[in-house]
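Input: a single structure, listed below in structure tokens.
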Amino acid sequence: MRIFITGGSGFVGSAFVEAIHARHSLTAMSRSNGSDAQLSRLGATPIRCTLDTIQAAHLEGVDVVVHAAADVREWGTWQEFWRVNVEGTQRMLAAAKEAGVRRFVHIGTEAALLKGQALVGADETYPLALNSPYPYSRTKAHAEVAVRSANDPANHFETIVVRPRFVWGPGDQRLIPALKRMADARQFVWIDGGRHKTSTTYVGNLVYAIETALTRGRGGEAYFVLDDGGPVTLREFLPQLTATAGFELKGREIPGWLARSIAFTTEKAWRVLHLSGQPPVPRFNVNVVSRDCILSDAKARQEMGYSPPFSREAGLEALRAAART
Ligand SMILES: NC(=O)c1ccc[n+]([C@@H]2O[C@H](COP(=O)([O-])OP(=O)(O)OC[C@H]3O[C@@H](n4cnc5c(N)ncnc54)[C@H](OP(=O)(O)O)[C@@H]3O)[C@@H](O)[C@H]2O)c1
């Protein structure tokens with residue numbers, strides 16, 4: 001199969017390229033010399049283009065597009081998030097359709113449902129947060145609408161959304177490094193004692209889900225893809241993650257309502273006063289760790305035959321092995 005991937009230089013995309021390059025022919029969006037080199041090393045042929053410049057000609061002969069690129073920063077303007085996540089996705093869809101691509105696999109996120117609430121037992125019938133106060137959530141929600149409504153089986157163009165939650169594993173450049181910085185600066189705090197529960201998606205399980213979605217799953221549908229073993233509390237899971245990198249998480253406890261008020265106030269001040277850099281604790285991040293997020297992936301299991309190949313323990317062992325090299 002000929003696959004074109006966006007975001008192939010990122011955490012999720014590079015894990016996908018590395019895992020499947022031997023079975024498929026891969027081309028990948030690249031916007032720098034560094035990404036060219038990384039993609040070539042992993043097994044994909046880099047194509048110089050961006051989400052602003054993508055055209056059908058870049059996708060000639062491609063069977064499936066995997067769209068993993070997104071603006072996933074903790075902080076930015078509404079316009080920046082909209083340009084990359086919504087308009088970039090719309091451009092990818094138009095180029096793919098014009099090029100005669102048969103299937104479009106979009107990497108969605110549970111964040112597209114979030115506007116500050118807990119999710120308990122949510123499945124794919126739960127509404128997208130199209131008016132979320134968080135730019136990442138709102139723009140990923142609108143991107144998902146664009147993808148699902150572009151499904152056009154009559155013209156041999158199927159679209160599907162794979163939704164992970166809390167992706168972790170080797171290659172992560174964000175979560176463990178951020179916890180390390182907080183631990184080193186003695187700034188780490190347990191919100192509500194870390195008692196909130198979260199579903200998780202090990203990166204190897206996400207790669208398996210994306211590969212499954214190349215051929216399975218109904219067009220126009222979204223699918224949560226999660227780890228086995230149900231949700232975990234942050235108090236259980238974060239120390240397991242940081243132990244693989246050789247450090248402990250110690251910190252005071254603060255109540256969720258206080259953490260959310262501090263985040264709300266500082267974020268407001270940042271925007272109103274046009275301060276440079278980003279606030280110490282963006283609201284989105286605080287909400288993610290101060291509410292339960294418990295999801296169901298029953299639909300992916302039933303309709304796509306999704307069955308995560310890696311246990312959490314196997315993922316932790318892979319992280320320990322990666323830390324040793
Ligand atoms: N990580 C998670 O916990 C998580 C959870 C749920 C869903 N997701 C979804 O998974 C996908 C991948 O996330 P990730 O964690 O792998 O992110 P990441 O490591 O930050 O990678 C982001 C990728 O997007 C590319 N990109 C960003 N802006 C672009 C633009 N304007 N034009 C072209 N490429 C652009 C980056 O390319 P450069 O290398 O050139 O910057 C990079 O390859 C995203 O769609 C995200 O919403 C992630």
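In listed order, ligands and their atoms are each counted from 1.
Both tests do not hold together for R216 against Y223: distance to the six-membered ring centre under 6.0 Å, angle to the ring axis within 45°.
Residues meeting the ring pair (Phe, Tyr, Trp, His ring centres under 6.0 Å) test with Y202, sequence neighbours left out: W168, F310.
Taking the six-membered ring where the residue is Trp, F104 and H106 present parallel rings, their angle staying beneath 30° rather than reaching 60°.
Remark: side-chain polar atoms of D297 are not paired, donor with acceptor, to backbone N or O of F224 under 3.5 angstrom. A donor-acceptor contact shorter than 3.5 Å is absent between the side chain of R320 and the backbone of A245.
Of the charged side-chain nitrogens involved, at least one lies within less than 4.0 Å of a carboxylate oxygen, so that R148 and E144 count as a salt-bridged pair.
In this structure, ligand 1 sits under 4.0 Å from heavy atoms belonging to G7, S9, G10, F11, V12, M29, R31, S35, L51, A68, A69, A70, V72, V84, I107, G108, T109, Y136, K140, P164, V167, R174.
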